[in-house]
Amino acid sequence: MAPLPLDEELKSKVSSSKRQWGASWWQQYCILFCRGIKERKHDYFSWLRITQVLSTAIILGLLWWQSDSKTIRGRQDQAGLLFFIAVFWGFFPVFTAIFTFPQERAMLGKERAADMYRLSAYFLARTTSDLPLDLILPVLFLLVVYFMAGLRLSASHFFLSMLTVFLCIVAAQGLGLAIGATLMDLKRATTLASVTVMTFMLAGGYFVKKVPVFISWIRYMSFNYHTYKLLLKVQYQDIMPTVNGIKTDSGLKEVGALVAMIFGYRFLAYLSLRKMQLHC
């Protein structure tokens, strides 16, 4: 029971503040990625969510049944459908992603306090494990709406429309993650997201064509605006030069804007989580 003297080298090892990780960064990412898919696959493929998406798709297909793109009125009707698709798949992911970090805050704090994994591995696994699940329901949605509404029957146009919707989903999901990680309060996050999404929808280019200069910058921050323009360009690029005042060019600007939103919103969410961890 006699105490043993400790030399300085052993003291420095015991009192070292350097974290010791039990697995490499890649192993942490893979484990957290698999855990994320197992946790959320039941929510994504619940009968309630599948019924919500498919019933909305069927209603849209019946309302826009075999619409005609050769007339001005038919193109205006199709523009309304494309705008609703941009709004629906911008609204849906935001309010799904808002609950991500506030609900996992206690678990994240406990596991991070025990040095189970790096914050970067957790964040990247958490944000990428949703991507395979996010793609399945939009594909089912477009398979119903696209052919019932009589949009351009071409494989390239269908897959370009699918890619546009997927970019919108990932960008909207990033906004929800950033709001949830910044506020960490469900009531405040839901309120802020409602106001933001409503503003983006109104500035999306369908309700107001000519926006005053002092507030026109909002539409360039709106993923609804860029998604709506891309969907119009996919459908009418080879048919006519302008649709509803929007030029049907290549659409590279809109793609660049959506990609910038995808990474920008997620970077903001990561910084908010990092700040929360340092504060704790």
Are L151 and H157 close enough, and set up right, to give a side-chain contact (heavy atoms from CB on, under 4.5 Å), and what steps lead you there?
CA-CA 9 Å; L151 298 176; H157 292 90; over 6 Å; no
Run the numbers on V87 and F92 for side-chain contact (heavy atoms from CB on, under 4.5 Å), then give the verdict.
CA-CA 8 Å; V87 170; F92 201 62; over 6 Å; no
Take M107 and K110 through the side-chain contact (heavy atoms from CB on, under 4.5 Å) test and state the conclusion after the steps.
CA-CA 5 Å; M107 181 194 70; K110 181 186 291 186; 5.9 Å; no
Take Y122 and R118 through the test side chain to side chain donor-acceptor pair (under 3.5 Å) and record every step on the way to the result.
CA-CA 6 Å; Y122 164 79; R118 298 176 185 270; over 6 Å; no
Run W89 and V53 through side-chain contact (heavy atoms from CB on, under 4.5 Å) and show every step you take.
CA-CA 10 Å; W89 288 111; V53 171; 4.1 Å; yes
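At least one side-chain heavy atom of S161 sits under 4.5 Å from a side-chain heavy atom of Q235. At a threshold of 4.5 Å between non-hydrogen side-chain atoms, the residues L81 and V145 count as touching. Residues W25 and S120 are in side-chain contact: their nearest non-hydrogen atoms beyond the backbone lie under 4.5 Å apart. Taking 4.5 Å as the limit, every side-chain heavy atom of T227 sits out of range of all side-chain heavy atoms of L167. Side-chain contact check for W65 versus M148: some heavy-atom pair is nearer than 4.5 Å. Residues R73 and Q78 form no side-chain contact, since every pair of their non-hydrogen atoms from C-beta on lies 4.5 Å or further apart. Put simply, the side chain of L273 does not reach to within 4.5 Å of the side chain of R105, judged on heavy atoms. In this structure, F158 and V234 have side chains that are not in contact, with every pair of non-hydrogen atoms separated by 4.5 Å or more.
Residues passing the ring-ring contact (aromatic ring centres under 6.0 Å, His included) test with W47: none are found, sequence neighbours excluded. Residues forming a side chain to side chain donor-acceptor pair (under 3.5 Å) with Q66 (at least two apart in sequence, or on another chain): none. Scored by the ring-ring contact (aromatic ring centres under 6.0 Å, His included) test, F33 finds Y29 as partners (sequence neighbours excluded). F83 pairs by the ring-ring contact (aromatic ring centres under 6.0 Å, His included) definition with Y206, F207, Y228, not counting sequence neighbours. For R152, there are no salt bridge (charged side-chain N to carboxylate O under 4.0 Å, His left out) partners two or more places apart in sequence or in a different chain. With sequence neighbours left out, the side chain to side chain donor-acceptor pair (under 3.5 Å) criterion links E111 to R35, Y117. Listed by chain and number, the residues in a ring-ring contact (aromatic ring centres under 6.0 Å, His included) with F99 amount to none (sequence neighbours excluded). Partners of D77 according to the salt bridge (charged side-chain N to carboxylate O under 4.0 Å, His left out) rule, which considers only residues two or more places apart in sequence or in another chain, do not exist here.
Taking the six-membered ring where the residue is Trp, the centroids of Y146 and F141 are separated by 6.0 Å or more. In this structure, F200 has its ring center at least 6.0 angstrom away from the ring center of Y225.
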Side-chain donor/acceptor pairs under 3.5 Å, residues 211-219, sequence neighbours excluded:
unit_1 : atom_1 : unit_2 : atom_2 : d
S216   : OG     : V213   : O      : 2.9
W217   : NE1    : F214   : O      : 3.2
R219   : NH2    : V208   : O      : 3.1

Extract all donor-acceptor atom pairs below 3.5 Å that involve side chains of residues 252-265 and protein atoms in other chains or at least two apart in sequence.
unit_1 : atom_1 : unit_2 : atom_2 : d
E254   : OE1    : K233   : NZ     : 3.0
E254   : OE2    : K229   : NZ     : 2.9
E254   : OE2    : K233   : NZ     : 3.1

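Contact detail for I179 and A189: the closest heavy-atom pair is CG2-O, 3.7 Å. The shortest heavy-atom contact between S67 and A149 is OG-O, 2.7 Å. Counting all heavy atoms, side chain and backbone alike, P138 lies closest to V165 at CB-CG1, 4.3 Å. Closest approach of P102 to G180, counting heavy atoms only: CG-O, 3.7 Å. Minimum heavy-atom separation, K38 to K41: O-CG, 3.9 Å. For S222 against G204, the heavy-atom pair with the smallest separation is OG-CA, 4.4 Å.
If you chain together hydrophobic residues whose side chains sit under 4.5 Å apart, F147 and L60 fall into the same group. Linking Ile, Leu, Val, Met, Phe, Trp and Tyr whenever their side-chain heavy atoms come within less than 4.5 Å puts L192 and L175 in one cluster. Under the 4.5 Å side-chain heavy-atom criterion for grouping Ile, Leu, Val, Met, Phe, Trp and Tyr, Y270 is not connected to L124 through any hydrophobic cluster. Linking ILVMFWY side-chain heavy atoms closer than 4.5 Å, directly or via other members, places L63 and L142 in a single hydrophobic cluster. A continuous path of hydrophobic side-chain contacts links V170 to M162 [ILVMFWY only; heavy atoms under 4.5 Å].
With rounding to the nearest 0.5 Å, the separation of CG in L119 from CZ in R274 is 4.5 Å. Taking OG1 of T190 as the reference point, atom CZ of F95 lies at 6.5 Å (rounded to 0.5 Å). Rounding to the nearest 0.5 angstrom, the gap separating the CZ atom in R49 from the CD atom in Q52 is 7.5 Å. The structure places CG of L183 at 9.5 Å from OG1 of T191, a figure rounded to the nearest 0.5 Å. The structure places CZ of F223 at 11.0 Å from CD1 of I169, a figure rounded to the nearest 0.5 Å. Between the CG atom of L160 and the OG atom of S154 there is a distance of 8.5 Å, given to the nearest 0.5 Å.
Residue F159 places its CZ atom among 12 or fewer non-hydrogen atoms of other residues, nucleotides or ligands, all under 6.0 Å distant. Sparse packing is recorded around CE of M221, with 12 or fewer heavy atoms of other residues, nucleotides or ligands lying under 6.0 Å away.
Panel note: side chain Q27, backbone S24; a donor-acceptor pair is recorded below 3.5 Å. Side-chain atoms of N224 come within 3.5 Å of backbone atoms of A86 as a donor-acceptor pair (strictly under, hydrogens ignored).
When I85, L82, L231 are each tested for a side chain to side chain contact (heavy atoms under 4.5 Å, CB included) with T164, only one passes: L231.
Residue pairs satisfying the side chain to side chain donor-acceptor pair (under 3.5 Å) criterion with at least one member in residues 167-183, sequence neighbours excluded, are listed as follows: D134-Q173, Q173-R266, T182-S272. Annotation: salt bridge (charged side-chain N to carboxylate O under 4.0 Å, His left out) contacts involving residues 188-205, sequence neighbours excluded, comprise D185-R188.
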